[in-house]
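Since we're looking at a predicted model, the values are computed, not measured. Chain letters run A, B, ... following the sequence lines, proteins first and then strands; every chain starts at 1.
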2 protein chains.
Amino acid sequence: MRIVVADCSVIYTGRGDTRLPRAVRAIIVKDDGSISVHNDKSNKPLNYMGKGNELSEVELEDCKLWFFDTRQESLRITLHEVISDTDFLLDRNDEGLIRDGTEKQLQAWLAENPEALGEGYTFVQREYQTGAGAVDLLVTDPEGNPVAVEVKRVAMINSVSQTQRYVESMKEDPEFANTTGIIAALDIRPNTVKLADKKKIRCVTLPTWWRDPADTSM
Amino acid sequence: MRIVVADCSVIYTGRGDTRLPRAVRAIIVKDDGSISVHNDKSNKPLNYMGKGNELSEVELEDCKLWFFDTRQESLRITLHEVISDTDFLLDRNDEGLIRDGTEKQLQAWLAENPEALGEGYTFVQREYQTGAGAVDLLVTDPEGNPVAVEVKRVAMINSVSQTQRYVESMKEDPEFANTTGIIAALDIRPNTVKLADKKKIRCVTLPTWWRDPADTSM
DNA sequence: TGGTGCATTTCGCCC
DNA sequence: GGGCGAAGTGCACCA
């Protein structure tokens, strides 16, 4: 990892267009070719470009130019003055984060504990494919009718349309004509409950839940 | 900006739970208290915490512990061995990015050029408030009927539900009973076009467009 | 302060 | 490689 502290200005063109006026910033160039320009605020870089970029350098009279170009994007850094330039050796094969408490795990737990949706609910399938994408969970209600369950950590207003989209797509199949929808989440926003109610989608707030640390099966 | 390169392991608990096994990584502590842990891949930090955190340090026999705790979250870094620890002085008042080609600008341009939606379209209002959130643009079609326009740089499948939500909400008002919807974007995904078609929402692919560099009005 | 939606979102999974 | 949805998303804007 190379860190260059420099008085620099930046122009990016690609998915959008941005400019950075001249200032002293830190430029981080990583082993995989990713590059990012940081100021002393926030974790997010000001400018950046993904891995696989080749650095071209042009030395001018009073400054240095760095070009990172791909077919689609272009990042140009003007280095007016380099204050420091350091290389750090990090572990090459750092596998990265081990996550826990993800939506996938919540989904798995709910598949094992469908009674959390109410008495008489029965698990049928995870990731059930509809014409409009995969429903997190397919279950049946006490009457045996199919129910599309959208699982979320936090459910917001757009979860309602999402669930509705799945239910509608399933209803097109005569066998699933009386499908209903449920939003199951650890946290459901009040406005979301209101809209879901209007759309006849049931909201189930799940109990704060945690996975058995011994269980590695995701 | 302080950069510590160290053999470290990390535990985070808060919005989710993550662990990082021991490895040599770079830890960046910024002026505003934000902290991030990086490996030598990707621009995204492995672990991080936002501004306003206080670092507590505990020195143990064979390692050092760093705690960053808020009411909701907790980040604990175990420093097994510190390889380097450097301070860099960056500009304090770096104002950050100047953006161009944003959705807001596209919206402003379309407000000025409603004929891009088709002959006879007339601009009415930007950010028109409906019961389900603000529509980017309210226009009228050649027949004088209201049209809710959702502006996107890239329109994907969820833009359809979003537009539909606005249209439905507007239709509740008798005065807007015959409202229709348009998705206007630089890039509309094929599946999105298909679903929009099914939902009677018109798709308009806008020409590649760029703002007048002299125009500073957002 | 909370709700809502954009983002150069990034990232991962599945087809 | 494209489509799609999650993310410890971050962030700005608005009520």
Would you tell me if any nitrogen or oxygen in the side chain of B:Ser42 comes within less than 4.0 Å of OP1 or OP2 on C:dC11?
yes
Under 3.5 Å, is there a donor-acceptor pair linking the side chains of B:Ser161 and A:Asn158?
no
Position toward the 5' end of DNA chain D (nearest nucleotide), B:Gln129 or B:Gly16:
B:Gly16
Going by atom types alone, do A:Lys152 and A:Gln162 pair a side-chain donor with an acceptor below 3.5 Å?
yes
Treating A:Thr130 as the side-chain partner and A:Tyr166 as the backbone partner, does any N or O pair qualify as donor plus acceptor under 3.5 Å?
no
How long is the line joining CG of A:Leu46 and P of D:dG10, in whole Å?
17 Å
Any side-chain donor near an acceptor of the partner, B:His38 and A:Lys30, under 3.5 Å:
yes
Which whole-number value in Å describes the distance from B:Arg15 CZ to D:dC11 C1'?
12 Å
Pairs: protein N or O with nucleotides 3-7 of chain D N or O, under 3.5 Å:
from	atom 1	to	atom 2	distance (Å)
D:dG3	OP2	B:Arg189	NE	3.0
D:dG3	O3'	B:Asn191	ND2	2.9
D:dC4	OP1	B:Asn191	ND2	2.4
D:dG5	OP1	A:Arg165	NH1	3.3
D:dG5	OP1	A:Arg165	NH2	3.1
D:dG5	OP1	A:Tyr166	OH	3.4
D:dA6	OP1	A:Glu150	OE2	3.2
D:dA6	OP1	A:Lys152	NZ	2.6
D:dA7	OP1	A:Glu103	N	3.1

Output the rounded distance in Å from OH (B:Tyr128) to P (D:dC14).
18 Å
Side chains of B:Tyr121 and B:Glu115: do they bring a donor and an acceptor to under 3.5 Å?
no
Side-chain donor-acceptor pair present, B:Asn47, B:Thr18, cut-off under 3.5 Å:
yes
Write down the distance between CD1 (A:Ile11) and P (C:dT8), rounded to a whole number of angstrom.
17 Å
Nearest-nucleotide 5' precedence on DNA chain C, A:Gly14 against B:Asn43:
A:Gly14
Nearest whole Å is fine: how far is D:dA12 C1' from B:Leu97 CG?
14 Å
Check: B:Tyr128 ring centroid to B:Phe176 ring centroid under 6.0 Å:
yes
Rounded to whole Å, CZ of B:Arg71 lies from C1' of C:dT1 at a distance of 15 Å
Taking atom C1' of C:dG12 as reference, at what distance in whole Å does atom CD of A:Gln107 sit?
15 Å
Integer-rounded Å distance: C:dT8 C1' and B:Gln105 CD:
13 Å
Regarding D:dG8, can its base be found pairing with the side chain of B:Asn47 as donor and acceptor, where the two atoms are less than 3.5 Å apart?
yes
In whole angstrom, give me the gap between the C1' atoms of D:dG8 and C:dC14.
24 Å
